[in-house]
Structures are given as structure tokens and as C-alpha cells.
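Reviewing the structure listed below.
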Amino acid sequence: MVARPIPHLRLMPGDALLPAAPELVESYQRLADVFHEVLAEQSLDALLVRIADALGDLIPHDTLTIYEADEAQGVLTAVFARDQYADQIMATQIGFDEGITGWAARRREAAHVNQAHLDPRVRFVPGTPNDPEALIAIPLISRARIKGVLNIYRIGEDGLFTADEFDLARRFADAAALALDNAQIRARLEHQAQTDSLTGLFNHRSFHERLLTALQDASRTHKPVAVLMLDIDDFKRVNDVHGHGVGDELLCTLADTLRACVRPEDVVCRLGGEEFGVIMRSCDGADAATVAERLVQRLAELDVPGIGPLTVSIGLSLGPEHAMNPRELTACAEAAMMTAKARGKDRVVLYDEVSSERPDAPTHERDVRSIAHMKMLQSLSGKLNRLNDVREIGDEIASELRSLIDYHNCRVFVVDGEELVPVAFRGEFVVETVSLPLELLRTKIGTGITGRCAETGESLLIHDAANCEFGSRIPGTSVIEESLVAVPLRYGSRVVGVIVVSKLGLDQFDEDDVRLLEVLAGHAAVAVENASLYESARREAESATQLLEFGRELSSASSLEDILERVVELTATLIDSPRTSVWIEDEEGWLVPRKLHGLSDEERAKVEERRFHVTEARGDLGSGSEPFVLHPDQYARLDDDPLDPDASYAIAPFAVGRRVGCIIAALPGTDFGERELRLLGGLAHQAQLAIANASNYEGLEQTFVSTVEALANALEANDEYTSMHARWITDLALRVGDELDLDNRGLKRLELGALLHDIGKIGIPSDILAKPGRLTAEERALIETHPELGERIIAPIDRLQEVRTIVRHCHERWDGRGYPDGISGEEVPLESRIIFVCDAYHAMTTDRPYRKRLSHPEAARRLREGAGSQFDGRVVEVALGVLADLRR
């Protein structure tokens, strides 16, 4: 059983205080560190553990469950659980819309439920107790697809999650979802690299890796390993007569039959073409022969329509009896298989070094060469499929070929758009060993022998390269007598690269060399495509991570100016640009610089004076919304005095409402390609959203405050003494709050609290409010209810939740003798203490129904007299200083 961990944090009932700002800052700093740790994990199983560990450090909890989503079936399956009842959880599937977890999955919306056991949506896992618990359920969404749901729980009546913890968990879930998606992509690519796409069997690479492991185990256990290699007899005739579609069906039929005949623990592989291999651990020659004969008999019982019975030739070899090296043991099985073909096909032969035969018995030299080629290809295939970098793949091809072909030089190219880019070169260009930069080999598809090979997708055997009609000479090289073979790397119908091998002299290559290179190219093409897919996925994941971080940074900005500052700084960092800027259209239709980064003071002053009219800029650059590169000659049309006449700029346009804007970045010295341009476009989109949100928020905030002020004034408009009471107190309170170093958020709370501090008087009869004489005890008691009434009035408004306590405590005294709660000292919110002093001063210095106004000196004297008893002495001191400044 997995014991539930002791929680590190427990919130007590009634504890409604938010974490202090430094704690939040520390939480988000730890969250940033966790992002890097989680996104760096590659193993899917290890990633789940890493997610659980990291979340436990960020947000202490009692239990955790991670579900994987099957969106097509609408179900969630638990893939990881840290819980006393982990077995029950892992054995239960949850449907979308089933329970709080299913609700979060269906709506793609996080759920924060502090009394989950009482929630009507709750569904308890069978076999687990119905304990009181708090739950945060967050859907894991990446690239617009739901990957799963992350649940964390606190157990017990006092187990609560705060709003800040909920927000922190949602932010963490973004990184977890992206990491899960990346790990799944890696696992899928790894699976594709290990299996044959047609039959679903393990491929050539997996065969050699697993055979090596089996032989290593055999050396420890002293139990034999059998290798069975089989080849479909006359398979070429099937393809030629019936077509490759029928041939593929035949291969799948053989694969299914082979699976059914071998033991469950045997490893079945397709080695290439019509060749299959089986690795059989703890299996001697007799048992292996029995399995092979059973396969022959099963296939003889099949009657393939239009083809007839299916026959195979099978060769067997045993390790360590025949060989202890994977390559040699495979070569022995292949030799036995070729012997079976030579003896009439449709039979099983166990390897015997003395009696090996081959069909149409070639010369001994040719046999040795074929076996050497086969061993090299087997070795190379395993190596290539372990590499994820095309340059490493090219180097490995050139290195292995050197052991078989005494070439003059070998070069490997990959296709990049309309060009062939060299990724490997080995050898010499001329007899004098002239070394040239690799970049000189770059060529266009269709140009020269290499380009022709890529264009046609056909192998080229050139006996005299210097006199080839479509050949082209590399600049800086001499004309020499040279033979050449070029073979395409074909992946399906696409050419993904070319291998070119040359020898000095004429007619130095034959058809066997071409066939060898074609087989090698088949393995290499798969490796190059897998490496390209892996690199593409890695770079896309990297870009997505960078955009996520960029969005996170912008979301933490508190104002429009702060957002623009972060945009230019982060853009410079992410694309390694020396100078960045943000330009936004002003009210007169001019593009003006709003924020600059990376410029000296002199350069900054020069750029800040520049203006580009939007209409003219569109005429020169077009009106598209996609990012583009502006070269020096194009920039000269817009500015006749550029900072750097040789610099090119990447420009990413965006729109904020009806106005346009753009991010401009000077191109870095390193490569800047389509990926970087797309990344800049993504940054511009994120910036557009942040700027629009900030502008909308500022507008809404201003409208909201104006509405609150109008409401406060309207409530007092019938009182000739206090018709501007709320705004006057608010302005004075903001000055005092600024002197007391309240931050922007605190000042906003203070402003709203000051405007609304007397809103509760709406419920007090006007004859009591305007009574000229002394109030009775009952009337005073009724007056003293207005702070509580004011809090109840604003309670339903989400935007005013932080203001409720300020309004409630605006009449509390420093010595605890105020109302309604009688709290004292620092228990009273600072904003309430400020409003209390400003309200008292205004009340004393304005005419009231029951008395005439007091002079400023008298009011100031009474404030000082009440400091330390009625008022906070520090607030009184600051308020009197502000009043003195205003009276000067």
C-alpha cells in the first residue's frame, strides 16, 4: 500500500489571508525552475514521476493522480497515482462529464473545489473512502489537444487550497502538458524508428540490438540463442506479375503466420524486402528446427488466390556454437538460408561451415564480397537508427563505406527546399589533396550529376564524370579522370538526399557497387527522415516553450509600459537580436517608437524622433500580417539615414483595435531562417494580445472607477455639505497612500475604498443623516451599522472583493473603541486607517447640519490630539504633511 504523505501545509478554518507578495514571488521563481526541469525530461514514465515530485515541492498536497485522455472515446485512464488507494484508482476509467475530473476534461476548464465531497458533480472511485477533501482538477492541454487531467487533493475538513495555489497549479499544468506532449512525440518517433511500417514487426535496427542483448545474456546463462532467417521464394516474380500491392499483402500474411508459429517470447523482425529474422532465446538446434518446420508446413497449407502455395527458404544458426558476435551469427544464418535456396528452396537448413552453398554458385571472390557487404549494411543500419543528427548520419555513412570501397571521395547531401545541402564529406577533391570548404558543395536540385540524381530519383553510374553531358565542375577544382556513382535517398515517393562516391580513373564502378549503395541508401533515407522529424519536433517544442515563457512573462506585467518593455527585452533574448523595438500607430496615423532596446543614448535619441506614416509604409512594404525580412535596399526607401546601412531587419506586424503596430528586430549574426521568423510572428501575436488586454483593462478600470465615483457623488448629491465629499477624501487619501509607499495595487484598493467608504449610508434614513441636533442612542446605533451595510452592498461584485474589508473597517479606532468590530492597531487595514484620518479632517473642515466648519489649525490640532488613540499616529503625521504641501 502507498501511504498518504503527511501534508506540509494545512490551512486553518477562517484563514482567508492571501500569501504575502514575497511568497508569491518565490513561488513563481520556483515555478520557472520547475518548467526547465520538467521540459527537459524525455522518458514518459520518468516524466510522470518528475511532474509529481515538482508539483509536490510547489504546492504541498496529500494525494495526486494523473489521467491520460482518449478524446475520441471520451474517457480518462489513470496512468500515475500517489495515493493509499492507488490500485483502485489505476483500475478505474472515468468518462468525460463523469465527476469533477470528467467535468474539467469535457469543458477544458480547471476546477477548484474546496469541499469536493459535497459538490454535486463528485464521483468517488469505487473502493475508496468518502473522506472530506479539497480538489484541484486541471485539464492538460497542448497544441489545442487535451492530453489528460492532473488532480491534487488535500484530505480533511481543514484541507483547503488558496486561489494563489490554484493559479500556480494551472501555470504548472501548462508546462506539464507541453512536456507530456513532447515525451509522447519522442516515444512515437522512437517506436517508428524501431518497427517496420508495413508489417508492424521489429525492423533491422531492433533485430541487431535485441540479438546483441540476447547473446550477452547467453554468455551469462550458458543457454543457446537460435537465429532463424527466412526469405520468400520467388518473391520477385510475385511483384513483377501481380504488382507490389499483392506483394505487400503477401508480406503481411507471412508476418502474421510467423507470429503464430513462434513462441510468445521470440523476437520477430523484418530485415528488409522479403527477408525476415527471428531471435529465439534458450533454444537449441532441435527446437529451432521444429519451429521452422512448423512454419513451412503452415505456409504450405495456405493457398494464396492467384499465387498458390507460399514457400520459404529458412536458415538457422546457433550462438555461441556458430558465432558469438551478432553480425557473424546473422551471416551464418544468411549463409544457411542461401544454402536452402541452392538445394531447391522450400526447406530448412542448419548452418554448417563445411557444406555452405549459394544458388547459381558465383566465384569465391564474389561470395566474400557479398558477405562483407551484408555485414557492413547490418552494422551500419543499427548505427544509423541510433543517430538523431543528419550530419552524424552522413559521417557514419562515409566512414563505413571506406571499409568496402576504396573511394577517392564520398559526399552525402540532404534536401532543403530547392537545394542540396552537404552534411558530410570524406576524401580528396584532386590528386594534390586540395581542401575546399564544405559549403562549396551546395547545389540546386537539377544542377550537375548530384542535382540530376535528386531530381529524377534514379541512381546514376557515371563512367567518365568529366565528360558527362549534365555534369558540372566544382569551382576551384581541376579536371581529372574520375568515375562516379550517385544514388538517391528515397523515403516513399520523396527524395530526401543523395550519396555520391567517386574514384580516380574511368569505369571504376560496376552494378554491384550501385546495388550496394542503393541498399545502403534505403537504410540511410529512413534514418535521415527520422532525424529530420525528430529535429523538427524538437525545434517546434523549443519554439512552443519559448512562446509559453514569453506569454508567462507578459502576463505578469502590471501596465502597458511594463508590457512593451518586456516585449523588446524578451524578443532580443529569444531570437538573439542586438536591437529591438515596438512601434504603434498614434491618433494621427503615424507609426511611432514606443519602446527601444539595445541602443545607445545617441541612437535612442535619433530613433525616437522618427515617424513613418502608416499609409506610405503599407505602400512600400505591403499590407500583409505575416512577419517578413526587410533588406537594406528596401529599408532605404523608408529611411535615408539608417543606424546601420548594412543591417537587415525582421518585422512582425500586429493590430491593436483599429491601429497597427509592429515588432522590429535587427537580424543577428547567426542563421535566421523560417523557424525564427515564425517564432517572431508568434511573439508578435502574444504581444498583440497582451497590449490589447492591457489597453482594454486600463479602459475598463477607468470606466469602473468613474462609475463608482458617480455613484458615490449621486448618493450625496442631496447633501449640500458633502456633495464632493467622496472625491475630495479619495484624492487626499491617494496622496497619503503614495507617501506611505503603497504599491499600485494598494493604491487602487485605497481609491475604491475611499469612494465607497460611506456607501452603506444608503440604508440610513435621511432624516437621521441630516438631523441638526444630538443623536439618540438608538439613532447612533443605527448610524454605526452603515459600514457593515456597505460591505454587504459591494459583496456580490467580484472586482470589489479586496475592498470589502476596507469599507467595513473605515470607522475602527487605533485603540479598539471603534465600530463595527472593535479591532485595533495593525489589525485595521492600512487603507482603512488612511481613509479614517482623511474623512475626519474633511468632516471637521466642512459645514455640518449640527455645527459650523473648523479652521485648518484647529482640525490639525484635534488630529494630533487623537493620534495614538483614535488615529494611527504615522498616518496622521503623513496626512498633515500632505495638507501642508497642498496649502502652500
Side-chain angles (χ1 to χ4, degrees), residues 196 199 201-204 207-208 210-211 214-215 224-238 247 250-251 254-255 257-258 261-262 266-280 283-300 309-319 321-323 325-362 364 366-379 381 515-516 519:
D196 171 55
T199 63
L201 300 177
F202 289 112
N203 61 13
H204 195 278
F207 175 81
H208 285 278
R210 291 167 186 267
L211 180 56
L215 288 173
V225 175
V227 172
L228 180 154
M229 185 174 290
L230 61 103
D231 183 278
I232 300 177
D233 295 327
D234 302 317
F235 184 70
K236 184 177 184 302
R237 181 181 61 81
V238 174
L250 201 61
L251 292 173
L254 176 58
T257 306
L258 194 52
C261 290
V262 301
D266 295 337
V267 179
V268 184
C269 308
R270 182 187 177 194
L271 303 181
E274 66 272 28
E275 274 191 6
F276 293 79
V278 182
I279 302 170
M280 309 172 74
C283 184
D284 58 21
D287 291 338
T290 299
V291 171
E293 293 291 351
R294 183 165 63 242
L295 175 62
V296 171
Q297 182 180 354
R298 187 74 58 85
L299 291 174
L310 180 65
T311 66
V312 293
S313 298
I314 302 178
L316 294 175
S317 62
L318 302 175
E321 179 181 338
H322 299 138
N325 176 283
R327 180 186 294 184
E328 294 176 0
L329 189 60
T330 304
C332 292
E334 191 265 350
M337 181 186 71
M338 299 306 292
T339 300
K341 285 189 176 294
R343 293 177 180 176
K345 305 177 183 177
D346 190 23
R347 65 193 62 215
V348 179
V349 172
L350 179 66
Y351 175 75
D352 182 348
E353 188 173 2
V354 177
S355 58
S356 293
E357 306 172 30
R358 299 184 72 83
D360 302 324
H364 176 71
R366 183 130 182 182
D367 277 344
V368 172
R369 184 181 180 190
S370 296
I371 293 175
H373 286 183
M374 182 187 67
K375 290 182 177 180
M376 185 277 293
L377 291 173
Q378 290 170 343
S379 171
S381 177
R515 299 288 82 78
L516 167 67
V519 175

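Sequence positions, counted from 1, serve as the residue numbers for this chain.
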Side chain Arg347, main chain Lys345, donor-acceptor under 3.5 Å = yes
Under 3.5 Å donor-acceptor, Arg270 side chain and Leu201 backbone |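 No, because the side chain of Arg270 does not come within donor-acceptor range (under 3.5 Å) of the backbone of Leu201.
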Could you go step by step and tell me if Leu251 and Phe276 meet the side-chain contact (heavy atoms from CB on, under 4.5 Å) rule?
-> CA-CA 10 Å; Leu251 292 173; Phe276 293 79; 3.9 Å; yes
With rounding to the nearest 0.5 Å, note down the distance linking [atom1] in [X] to [atom2] in [Y].
X      : Y      : atom1 : atom2 : value
Leu299 : Leu230 : CG    : CG    : 8.5 Å
His208 : Leu329 : NE2   : CG    : 10.5 Å
Leu318 : Tyr351 : CG    : OH    : 11.5 Å
Asp284 : Glu321 : CG    : CD    : 10.0 Å
Leu295 : Thr290 : CG    : OG1   : 12.5 Å

Full working for side-chain contact (heavy atoms from CB on, under 4.5 Å) between Leu254 and Thr199 | CA-CA 9 Å; Leu254 176 58; Thr199 63; over 6 Å; no
Please enumerate all residues that pass side-chain hydrogen bond (donor to acceptor under 3.5 Å, both in side chains) together with [X], with sequence neighbours excluded.
X      : result
Asp287 : none
Thr257 : none
Arg298 : none
Asp233 : Thr311, Ser313, Lys341

Sequence-distant partners of [X], side chain to side chain contact (heavy atoms under 4.5 Å, CB included), two or more places apart:
X      : result
Val296 : Val312, Ile314, Asp346, Val348
Glu275 : Met229, Asp231, Leu271, Met337
Ala288 : Ala226, Met280, Cys283, Leu316

Of all the heavy-atom pairs spanning Ile279 and Ala214, show the shortest one and how long it is.
->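 Closest heavy-atom pair between Ile279 and Ala214: CG2-CB, 4.1 Å.
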Considering all heavy atoms of both residues, which atom of Cys332 and which atom of Ser317 are nearest to each other, and what is their separation?
->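 Taking every non-hydrogen atom into account, CB-CB, 3.8 Å.
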